[in-house]
Amino acid sequence: MTDLPAEFAPRLIHWQRHAGRHGLPWQGTRDPYRVWLSEIMLQQTQVSTVLAYYARFLDHFPDVAALAAAPIDEVMALWSGLGYYSRARNLHRCAQAVVAEHGGRFPATARELETLPGIGASTAAAIAAFCFGERVSIVDGNVKRVLARLLAFEGDVGQAASQRAMWDLAQRLLPAEVEHDDMRAYTQGLMDLGATVCTRTRPRCEACPASELCEALKRQDIARYPVKARRAQRRFERWWLLFAIRGDQVWLQRRPAPGIWAGLHAPAVFTSEEAMQVVSPADWPSRWIATDAVAHALTHRELQLLPHWVAVEGVPADWVGEWVSLSALASVGLPAPVRSLLSGDWATQVLDQ
DNA sequence: TATTCGTGGGT
DNA sequence: TACCCAAGAAT
């Protein structure tokens with residue numbers, strides 16, 4: 001077992017209280033609902049992106065009971081544009097589980113929290129530490145970067161074995177004795193250090209409370225850590241989107257789960273023009289209009305979206321979906337590029353054909 | 001265990 | 001530009 005610097009935790013706690021972040025909207029509360037909501041939204045998502053979504057969610061759903069009672073489509077609509085939509089579906093399921101199985105109160109331990117939908121080990125630890133002062137560590141992207149540098153950790157942090165090692169190291173770095181509110185400052189300190197000092201590029205080591213303990217800095221090799229293999233190249237796909245417009249309405253279908261945009265509404269998607277023609281009524285192809293391709297990058301795929309628009313009287317009887325007014329799209333969960341396309345001029349122009 | 005889930009910002 | 005990646009979880 002490697003010797004770990006016992007000074008890390010007290011230094012981090014002191015630094016967070018003096019130089020950490022304190023004004024974020026989900027700080028300054030021990031309400032598990034608010035902390036949980038922020039932690040789910042912040043998974044793989046930057047603070048600046050979350051701010052507006054967080055405010056809107058709290059406005060619509062002030063407590064877990066309100067969220068549990070809401071229709072899933074309202075949740076999806078509010079989540080629309082934030083990405084990783086399984087988070088929204090699990091958020092709703094989790095709220096319902098808290099109400100139905102825990103009397104409307106979040107459980108107070110990381111072990112119990114982790115059994116709830118959408119709450120993994122790190123999110124459970126964050127809620128338990130922030131709200132209940134439990135002595136457990138988060139292991140998010142910040143922690144992996146901070147620990148990799150602090151300890152000159154040579155493993156590929158993208159691999160599962162390294163992830164397990166990181167959990168063990170993170171637990172051993174926790175403050176030995178937790179005094180009042182220490183876990184809040186410590187946990188927030190890990191996040192703040194990674195976000196504002198121990199950044200991926202150009203870390204500000206001169207401002208770091210752990211610089212004297214940092215093995216990577218001692219070796220003058222900060223840029224080496226964290227060690228991480230290159231990600232596989234994204235797979236390229238073309239998707240034909242068929243926007244059928246009837247008056248001021250557009251035909252939308254619910255995207256199947258599992259898969260991309262699961263649970264959201266979107267126009268019919270085809271992976272070839274032939275497939276789109278086969279299911280279309282005979283007179284549509286001569287009237288549809290193709291507009292500029294849209295490039296849309298996901299984590300593992302590079303989509304090229306090919307929008308096609310056609311003014312129609314109706315759709316075949318066996319199509320599963322619904323007509324949605326263009327003026328009502330704000331209350332529908334749409335993928336970001338679909339919302340962008342529908343907010344452009346084409347939908348209304350097709351109407352005038 | 002490695003892959004599959006969005007989107008926008010930063011370099 | 002083409003990456004990287006951000007308070008990860010589910011499968």
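Chain letters run A, B, ... following the sequence lines, proteins first and then strands; every chain starts at 1.
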Item to check | B:dC5 OP1/OP2 closer than 4.0 Å to side-chain N/O of A:His300 | outcome: no
Can you measure [X] atom [atom1] to [N] atom [atom2] for me and round it to whole angstrom units?
{"X": "A:Leu298", "N": "B:dG9", "atom1": "CG", "atom2": "C1'", "answer": "16 Å"}
{"X": "A:Gln233", "N": "C:dC4", "atom1": "CD", "atom2": "P", "answer": "10 Å"}
{"X": "A:Ile40", "N": "B:dG6", "atom1": "CD1", "atom2": "C1'", "answer": "16 Å"}
{"X": "A:Glu302", "N": "B:dG6", "atom1": "CD", "atom2": "P", "answer": "15 Å"}
{"X": "A:Leu264", "N": "B:dG6", "atom1": "CG", "atom2": "P", "answer": "7 Å"}
{"X": "A:His296", "N": "B:dG8", "atom1": "NE2", "atom2": "P", "answer": "7 Å"}
{"X": "A:Phe236", "N": "C:dC3", "atom1": "CZ", "atom2": "C1'", "answer": "17 Å"}
{"X": "A:His265", "N": "B:dG6", "atom1": "NE2", "atom2": "P", "answer": "16 Å"}

Checklist entry - Within the side chain of A:Arg87, is there an N or O that forms a donor-acceptor pair under 3.5 Å with the backbone of A:Ile40? => result yes
Item to check | Separation between the P atoms of B:dG6 and C:dT11, rounded to whole Å | outcome: 14 Å
Item to check | Distance between P atoms of B:dT3 and C:dA7 (Å, rounded) | outcome: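 Straight-line distance between the two P atoms is 24 Å.
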Checklist entry - Between A:Gly81 and A:Arg235, which has a closest nucleotide on DNA chain B that is more 5'? => result A:Arg235
Checklist entry - Counting heavy atoms not belonging to A:Asp292, are there more than 12 under 6.0 Å from its CG? => result no
Checklist entry - When you look at CD of A:Glu212, are more than 12 heavy atoms from neighbouring residues, nucleotides or ligands closer to it than 6.0 Å? => result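 Counting other residues, nucleotides and ligands, CD of A:Glu212 stays at 12 neighbours or fewer.
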Checklist entry - Which parts of nucleotides 5-11 of chain C does protein reach within less than 4.0 Å, heavy atoms only, written one letter per nucleotide 5' to 3' as B for base, S for sugar-phosphate only and - for none? => result BBBBSS-
Hey, does [X] reach any base, or is it just sugar-phosphate, or nothing, if we go heavy atoms under 4.0 Å?
{"X": "A:Ile260", "value": "sugar-phosphate"}
{"X": "A:Arg301", "value": "sugar-phosphate"}
{"X": "A:Pro258", "value": "nothing"}
{"X": "A:Arg164", "value": "sugar-phosphate"}

Checklist entry - Would you call the rings of A:Phe106 and A:Tyr33 parallel, tilted or perpendicular, where under 30° means parallel and over 60° means perpendicular? => result tilted
Checklist entry - Would you call the rings of A:Trp261 and A:His296 parallel, tilted or perpendicular, where under 30° means parallel and over 60° means perpendicular? => result tilted
Next on the checklist: Using every non-hydrogen atom in the two residues, find where A:Val35 and A:Trp26 come nearest and quote the distance to one decimal.
Outcome noted: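 Minimum heavy-atom separation between A:Val35 and A:Trp26: CG2-O, 4.4 Å.
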Checklist entry - Can you tell which of A:Glu322, A:Gln253, A:Arg255 makes a side-chain hydrogen bond (donor to acceptor under 3.5 Å, both in side chains) with A:His265? => result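 So the option named by the test is A:Glu322.
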